[in-house]
Amino acid sequence: MDREFGARLMEAALSKGAAGAEVYIRRSRNLTVEVKDQDVDTLESSLSEGYCIRVIRDRRLGFSYSTDPAEWASVVEAAVEASRYTEPDENLCLPGRAEVAPVAIHDPLIAGITETKAREYALAMEKAAMDEDRRVTKIRKASGSFTASDTRIMNSEGVDSFYTSTGCSAQVMAIAEEGEEGQMGWDYEGSRFLAEVSFERVGKTASRRAADLLGARKISPSKGFVLLDNSVVTEFLGILSSALSSESVQKKKSMLAGKTGELVMSPRIHITDSGRLAGKLGSRPVDDEGVPTTEKRLVEAGLLKGFLYNSYTARKEGRLSTGNAVRGGFTSLPSVGPSNLFIEPVSPEHGADRDKLLKTMGRGLLVTETMGMHTANPITGEFSVGASGLWVEGGEIQHPVKEAVISGNILDLFTHVALIGDDLRFYGGIGAPSLLIEGIDISG
């Protein structure tokens, strides 16, 4: 990515009166293949490239972007002009230069993948799903995605970072049928390294999940143990992640506001955010402002230790950025978000396998899928979601369950953790093990 191009934009902005300027440039190449009935249904190859400039002038913010390098002069002019009409803000700032350590996020196998090879991976996933169980009759949306990106971030305070990254993902929805009944099962894997994604495993897992739900029945209302599959825990953690953002706290939209230093969940768990995990999709050497990424413990043995910050929210509180500035792309300003946010047990050796989780549970619902998680309130933490899964009696799976509802408060849910699984798994940038929760309301 052209350093001279970025420098030209910054110099032009400073010459027009800006006190500070930042340039963000991103180029992404994406290949997505979707297959159906062992044939390619959709194959899309795209190249996305663009840049933006953020300026601070008279303590006012200006911003503009484009996909055309030839428009650079008018883009700079538009950003400077926009700063004339925004409100002054003493907290506007750009980060300074800092030492940046590399992190393993690039795989030449993904960067150089051909359409033929991508098609083979997606077809293998669909075949594995169909072969896993005779009751799986249809595959919906079997797709593989492969991305390679280049990112450069420069600013007038000395930041000059460039990195290349890759990513691939596999996902599939399988449909199992028996008699008049049909059930669906889904699975997903993603990584910055091709070798860490097994397309066949994704297909088989989705198939088993669908077949396991055949014969599902309703259950009577109860209150007791619920074993949340790791995929379900990541959904709840995804809702909680907004409460861990300093932006949400400062806007008084966080259920954790004012609770730093308090016991907010089970002392059995930590919640960590790290941009330094090799191969994980949320990892990178710097955030979207060029601040080096870090690993930080947000919840330690149930105690709330702190929040995620970018440069702006950190300055509002007299803190340092945690390296958690995120953008939706070159068309947007940086906000605050997690990199790789995950739950881990306080004592790693205390992770329990599935059999121990079931035996400890005794009686209750193993939730493998939820419906309506988007209705959970990220500010209060209240939720009531549909659930499918498996009913457990005497520590043994008895039958599949349909149309159940689990409800409560997300903080209460994480407070009542009785046991933690040894199956930590990431779904995108959110990771979690299975969690055994007690005292949850279950209705049929």
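For reference, positions follow the sequence shown, starting with 1.
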Exercise. Got a salt bridge between Glu22 and Arg327, using NZ or NE/NH1/NH2 to carboxylate O under 4.0 Å?
Worked result: yes
For this session: Ignoring hydrogens and angles, tell me if any N or O in the side chain of Glu189 forms a donor-acceptor pair with the backbone of Ser198 under 3.5 Å.
Result: yes
Exercise. Quick one: does Asn155's side chain have a donor or acceptor within less than 3.5 Å of a partner on Leu94's backbone?
Worked result: no
Problem set entry | Exam field: side chain Asn409 to backbone Phe383, donor-acceptor pair closer than 3.5 Å | no
Problem set entry | Within 45° cone and under 6.0 Å: Arg54 NZ/CZ vs Tyr24 ring | no
For this session: For the pair Thr313 (side chain) and Tyr309 (backbone), establish whether a donor and an acceptor sit closer than 3.5 Å, ignoring hydrogens and angles.
Result: no
For this session: Could you tell me whether the side chain of Ser191 and the main chain of Gly279 form a donor-acceptor pair under 3.5 Å?
Result: yes
For this session: For side chain to side chain contact (heavy atoms under 4.5 Å, CB included), just list the numbers for Leu240 and Met265, CA-CA rounded to whole Å, side-chain angles, deciding distance to a tenth of an Å, and then say yes or no.
Result: CA-CA 12 Å; Leu240 183 67; Met265 56 190 65; 3.9 Å; yes
Exercise. Where do Val103 and Tyr163 land on the side chain to side chain contact (heavy atoms under 4.5 Å, CB included) test, with the steps shown first?
Worked result: CA-CA 10 Å; Val103 59; Tyr163 65 90; over 6 Å; no
Exercise. Looking at CG of Asp41 and NZ of Lys141, how far apart are the two atoms once the value is rounded to the nearest 0.5 Å?
Worked result: 9.5 Å
Exercise. Ion pair present between Asp133 and Arg209, side-chain N to carboxylate O less than 4.0 angstrom?
Worked result: no
For this session: Could you walk me through whether Thr166 and Arg192 pass side-chain hydrogen bond (donor to acceptor under 3.5 Å, both in side chains), step by step?
Result: CA-CA 5 Å; Thr166 54; Arg192 294 199 180 274; 5.9 Å; no
Problem set entry | Closest non-hydrogen atom pair between Ile397 and Leu366, with its separation | CD1-CD2, 4.4 Å
For this session: Could you walk me through whether Leu413 and Val226 pass side chain to side chain contact (heavy atoms under 4.5 Å, CB included), step by step?
Result: CA-CA 10 Å; Leu413 182 143; Val226 169; over 6 Å; no
Exercise. Is the backbone of Ala129 close enough, under 3.5 Å, to the side chain of Ser207 for a donor and an acceptor to pair up by distance?
Worked result: yes
Seminar exercise, completed: In terms of heavy-atom contacts, Val346 and Ala301 come closest through CG2-CA, 3.8 Å
Exercise. Is a salt bridge present between Arg363 and Glu396, judged by a nitrogen-to-oxygen distance below 4.0 Å?
Worked result: no
For this session: Give the minimum heavy-atom separation between Ser161 and Val100, together with the two atoms involved.
Result: OG-CG2, 4.2 Å
Exercise. At what distance, to the nearest 0.5 angstrom, does OG of Ser266 lie from CZ of Phe414?
Worked result: 10.5 Å
Exercise. Checking Asn340 side chain against Gly282 main chain: does a donor-acceptor pair fall under 3.5 Å?
Worked result: yes
